[in-house]
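The structure appears below as C-alpha cells.
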Amino acid sequence: MAYDADVIVIGAGLAGLAATAELVDAGRKVILLDQEPEQSIGGQAHWSFGGLFFVDSPEQRRMRIRDSRELALQDWHGTAGFDRDEDHWPRAWADAYVDFAAGEKRAWLRAQGVRFFPVVGWAERGGYDATGHGNSVPRFHITWGTGPGIVAPFERRVREGVARGLVQLRFRHRVTGLARSAGSVDTVTGEILEPSAAGRGTASSREATGSFELRAQAVIVTSGGIGGNHDLVRANWPQRLGTPPASMLSGVPAHVDGLMLGVTEAAGGRMINRDRMWHYTEGIQNWNPIWAKHGIRILPGPSSLWFDARGKRLPVPLFPGFDTLGTLDHIMKTGYDYTWFVLDQRIIGKEFALSGSEQNPDLTGKSVRDVIGRARADVPGPVKAFMDKGADFVVEKDLTSLVRGMNALTKEPLIDEAELRREITARDREITNTFTKDLQVMAIRGTRNYLGDKLIRTASPHRILDPKAGPLIAVRLHILTRKSLGGLETDLSSRVLTEGGGVLPGVYAAGEAAGFGGGGVHGYRSLEGTFLGGCLFSGRTAGRAAARAVA
C-alpha cells in the first residue's frame, strides 16, 4: 500500500505550522490535518498576546537588564520544581529550551521577519528566595503584531509548501485513531466534518459527513491541550489544589478538547504529569465573547489590592503578577472560586493590560501612533470598554457605593465595608511614609526601579482613597482555564515514548500536546512567555527529526 505523504501533522496550531514548515524546508511531503475550518489556522496562538521568553536579548540590554543563561536556568528549575521520576525528559527539555532562548531563538525569528516591542515585561516575579519561583529579571518580550505576528511567518512558509506541491491542507478532518500496518504507526483514521463558515474561535459543527484513512511514514501530534474541556480539566485537577472550581471561564475555544491525547494514548503513547496545569486567577468575563464562557486575563501591575471573597487581603507574596499557581492554591483553600481587585482609575490606566490579540489592536495592528495614543490615554480603550460594559467591574466615587456594588455581584453580601476600609486605610498610611512594613508597598517601589515598569506599567505610589486618583474600581476575578503543563512524554527528538520507556515508532509530538516538550517542560509552574516559544521549539524539533527519519 502506497503512502499518501511522508509525514502527517495533526493540528494546525503554531506547533503544527512550525513542524510543517521545517518538513517543507527538508523537501518532505506533508498532509496537515485539523478538525476546525481553515479560518482557525494558527489555533490558540492567534489569540495570544505574543509574549516570548528571551535570555540576555538586545531589548533587555537596552533596558539595562543583566541576564544570563545561568540565571535563567536557576529561575526555570526553581520555578518548575521537578520532583518526579517521570521528570527526566522534562528536565532535559528545560535545559535545551533555555539554551535556545539564550541562543538562536531570537535571530531565527528575526530572520523570518518577527520584531519585538522595545520594552521588556516582567511577569511571574515570584517573591520568594533566589532559588524559588519566578523571573529574577524581566524577560517577557511582546511580539510586534502579537499572536498573529508570530503565526504569520510559519503560516506563510506552510502555504509556500502548498504552492510547491509539498503540503496538503485538510481542514474539518477529526482524527479518531492511529494504527500500525508494518511495525510503526503509519495509519491515521477519522471523520470528515461538514463544512463550516464559523468564525475563528467560534463553535463549529461536529456533524460527520464521511470518514478518512491516510498513511504516512511518520505522524506528528500537535493537537493542543484540554483547556476548553472543563470536564477533563476537573477530572485531572490536582489534589494539592483542593476541590476544582464550581465555575470557571475559558481562556481557549471549545475545540481545545484533548481528544487527540486520548487517541495517541490508546495507540501506545504515554501521558505524564496530567495533574500539572496552568490556569489564571485574574479572569474576567468578556463583554464581547467569541466562544462559550470566554474569559480574558488581566495582566496586572503590582499596585491593585487583592482581596478574597470575604474581603481579606491575600497574603505575602501573592501580589498581582507575582505567583499565579501560588495564588490559585490559596484561593481554592478559601472555599470560594473568585477574588477581588480593588484599585482606582490612576492604577487601572497605567497598570491594566488585557491578554489577547483582539484586546490590543494597537500592538496587533503594528500601529506606532496607536501605541503612543494608548500611553497618553487616561485609560486605554479596551480597558475602558470593560469598565463600561464588563459584568465584573464596579466603578464608584466612594467606598460605600463600591462595596454595595461588589455585594450586588455575588450570591452573598460577603464584603464588610468597615473591614475593607480598615485594610485600605492602613495600606494608604504606609504609602505616604518613606518607611514601610507592607511588602506590597516595598514591591511597588522596587518595581519602579526598573525603567520599563516606571514608564508604562506601574503607577506612582499614592493613596487609593485619594479622591484625586478616583473613581474607585473593584473587579471580580474568576479562575480562567488555559494550559495543560503535562502531556505526551517525548525524548529530545520529540519521539513519543511508551509506558515501558521505549519509542512509539513513527509518532512524534510537539506543543501543548507534549507539555511543550518532554511531557512537561515547565514542571509545576511557568515563567510566562514560554508557551508560544515552547510550541515553536518543540514543533521545530519534531519537524526536523521526522524529516530525517523519513529521508
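Remember, it's a predicted structure, so these values are computed and weren't measured experimentally.
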Next item on the list: Report the C-alpha distance between R84 and D275 in whole Å, list the side-chain angles of each, state the deciding distance to 0.1 Å, and finish with yes or no for salt bridge (Lys or Arg N to Asp or Glu O under 4.0 Å).
Entry: CA-CA 12 Å; R84 299 173 176 175; D275 63 329; 2.9 Å; yes
Margin query: Whether K105 engages the ring of F54 as a cation-pi pair (distance to the six-membered ring centre under 6.0 angstrom, angle to the ring normal within 45°) should be assessed.
Written below: yes
Margin query: Within the 3.5 Å criterion, strictly below it, is a donor on Y450 or R457 matched to an acceptor on the partner's side chain?
Written below: no
Checklist line | Polar side-chain atom of R234 near backbone of P245 as donor-acceptor pair, under 3.5 Å | finding: yes
Next item on the list: Report yes or no: does S526 contribute a side-chain atom to a donor-acceptor pair with the main-chain N or O of H522 at less than 3.5 Å?
Entry: no
Checklist line | For E124, the option from T79, N135, D75, L325 that meets side-chain contact (heavy atoms from CB on, under 4.5 Å) | finding: N135
Check: What pairs with D95 under side-chain hydrogen bond (donor to acceptor under 3.5 Å, both in side chains), at least two apart in sequence or on another chain?
Finding: H77
Notebook entry, point to check: Do F352 and F386 have ring centres separated by under 6.0 Å?
Noted result: no
Notebook entry, point to check: Among D388, L409, I348, which residue meets the side-chain contact (heavy atoms from CB on, under 4.5 Å) test with F393?
Noted result: I348
Notebook entry, point to check: Quick one: are the ring centres of W237 and H279 less than 6.0 Å apart?
Noted result: yes
Item checked: Donor-acceptor side-chain pairing of H478 and S247 below 3.5 angstrom -> no
Check: For T447, which of K454, E351, R125 qualifies under side chain to side chain donor-acceptor pair (under 3.5 Å)?
Finding: R125
Notebook entry, point to check: What about F319 and W306, are their ring centers closer than 6.0 Å?
Noted result: no
Note to self: Please tell me whether D308 and Y338 have a donor and an acceptor in their side chains that are separated by less than 3.5 angstrom.
What the structure shows: no
Note to self: Could you tell me if K483 and Q44 have a donor-acceptor pair between their side chains, going purely by distance under 3.5 Å?
What the structure shows: yes
Notebook entry, point to check: Under 3.5 Å, side chain of E430 to main-chain N/O of R427, donor-acceptor pair present?
Noted result: no
Checklist line | Aromatic ring proximity, centroids under 6.0 angstrom, W93 and F516 | finding: no
Next item on the list: Please determine, by modelled atom types, if D129 and T131 share a side-chain donor-acceptor pair under 3.5 angstrom.
Entry: yes
Next item on the list: Ignoring hydrogens and angles, tell me if any N or O in the side chain of D337 forms a donor-acceptor pair with the backbone of A246 under 3.5 Å.
Entry: yes
Notebook entry, point to check: Would a line drawn from the ring center of F117 to the ring center of H141 be shorter than 6.0 Å?
Noted result: no
Check: Are F140 and F53 near enough that their ring centres are under 6.0 Å apart?
Finding: no
Next item on the list: Kindly give the heavy-atom pair with the smallest separation between H462 and D344, and that separation in Å.
Entry: NE2-OD2, 2.8 Å
Next item on the list: Indicate the atoms forming the closest heavy-atom contact of S484 with G225, along with that distance.
Entry: OG-CA, 3.6 Å
Notebook entry, point to check: Going by atom types only, do T425 and D428 share a side-chain donor-acceptor pair under 3.5 Å?
Noted result: no
Check: When the ring planes of H294 and W291 are compared, do they come out parallel, tilted or perpendicular, using 30° and 60° as the limits?
Finding: parallel
Next item on the list: Provide the full list of salt bridge (Lys or Arg N to Asp or Glu O under 4.0 Å) pairs with a residue in residues 247-262, sequence neighbours left out, each pair given once.
Entry: none
Next item on the list: Check for a donor-acceptor pair, side chain of Q60 on one end and backbone N or O of D67 on the other, with a separation under 3.5 Å.
Entry: no
Margin query: Quiz question: by atom type and distance under 3.5 Å, do the side chains of S204 and R206 form a donor-acceptor pair?
Written below: yes
Check: Are more than 12 heavy atoms from other residues, nucleotides or ligands located less than 6.0 Å from atom CG of D83?
Finding: yes
Note to self: Quick check: F82 with H88 (ring centres under 6.0 Å apart)?
What the structure shows: no
